[in-house]
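Below is one structure, written out as structure tokens, with a few remarks after it.
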Amino acid sequence: MIDIHCHVLPGIDDGSRNVEMSLKMLRESGRQGVTWMCFTPHFYADMTDPDRFLKKRDEAAILLQQHMEQAGEPFPRFVLGSEVHYYRGIGKSEDIRKLCIGRSNFFLLEPPFRTWSSTFLEDVRTLRDELDLKVIIAHIERYFDQDKHLVQALLDEPGIYIQTNGESLLDRKTKKKVLNLIKDGKIQFLGSDCHNMEYRTPNLEEAGWVIEDKLGPIVLERIENNSEALIKEAAQL
Ligand SMILES: [Fe+2]
């Protein structure tokens, strides 16, 4: 399996607190059958800028890589990305494209915490049309309470991709709706969004079982194929 959304890099956001925890998360992901991971630390434009963020992110990745090599275990491979929190006018920020996943044009976007407006949808379209980005909307299940028309418009928007967290398939409140969206091809990506080893842990194996059990292996394979295409582009395989 491939995990396209996680907070495994140490000491950079509210995810892994240190290298030891990162190694545990990697080890657990590998045990669950994850072969590739996109490390996607949070980016907030009001707290930093892309260059400062990337410097910090790359330092964290080098540190982790050194410890992975020292450990000498078969860990999942990784590419670097980010989870960019939405801000008004994001589509006009040319340097935001530096925050794509690896060398791909895939861009993991975290929608606004507050009530959505049509401006959000317009900005997403601008990211796609003017910056030529393949926008992936992070953890769609968190926004099921937002304006129904806006959520539906986003789900139906061509060239916009949708991601769900493993947890949404393990939670009775969201499971049914998420399964339907996966079945209909409206959700294309799955990520663990794991932050630690206590309560937001790697969970793709269990999430995969739910998809396989309820929708069949071909549907799970479809999601894996999407992630594989992303990794090929991101890691230039
Ligand atoms: Fe996240």
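Whatever order the structure lists them in is the order used to number ligands and atoms, beginning at 1. Positions are given from 1 along the sequence.
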Practice problem: Using a cut-off of strictly less than 2.8 Å, determine whether H7 has an N/O/S atom near the Fe ion (ligand 1). | Solution: yes
Self-check item: Check: N165 side chain, E167 main-chain N or O, donor-acceptor pair, under 3.5 Å
Solution: no
Quiz item: Between OD1 of D193 and OE1 of E83, what angle is found at the Fe ion (ligand 1), rounded to 10 degrees?
Solution: 170°
Exercise. Indicate yes or no for a side-chain donor-acceptor contact from Q163 to the backbone of I136 under 3.5 Å, with no hydrogens or angles considered.
Key: no
Quiz item: Would a line drawn from the ring center of F113 to the ring center of H85 be shorter than 6.0 Å?
Solution: yes
Practice problem: Give the C-alpha distance, both sets of side-chain angles, the deciding distance and a yes or no for side chain to side chain donor-acceptor pair (under 3.5 Å) between S22 and S16. | Solution: CA-CA 6 Å; S22 301; S16 170; 2.7 Å; yes
Exercise. Examine H5 and say whether one of its N/O/S atoms is closer to the Fe ion (ligand 1) than 2.8 Å.
Key: yes
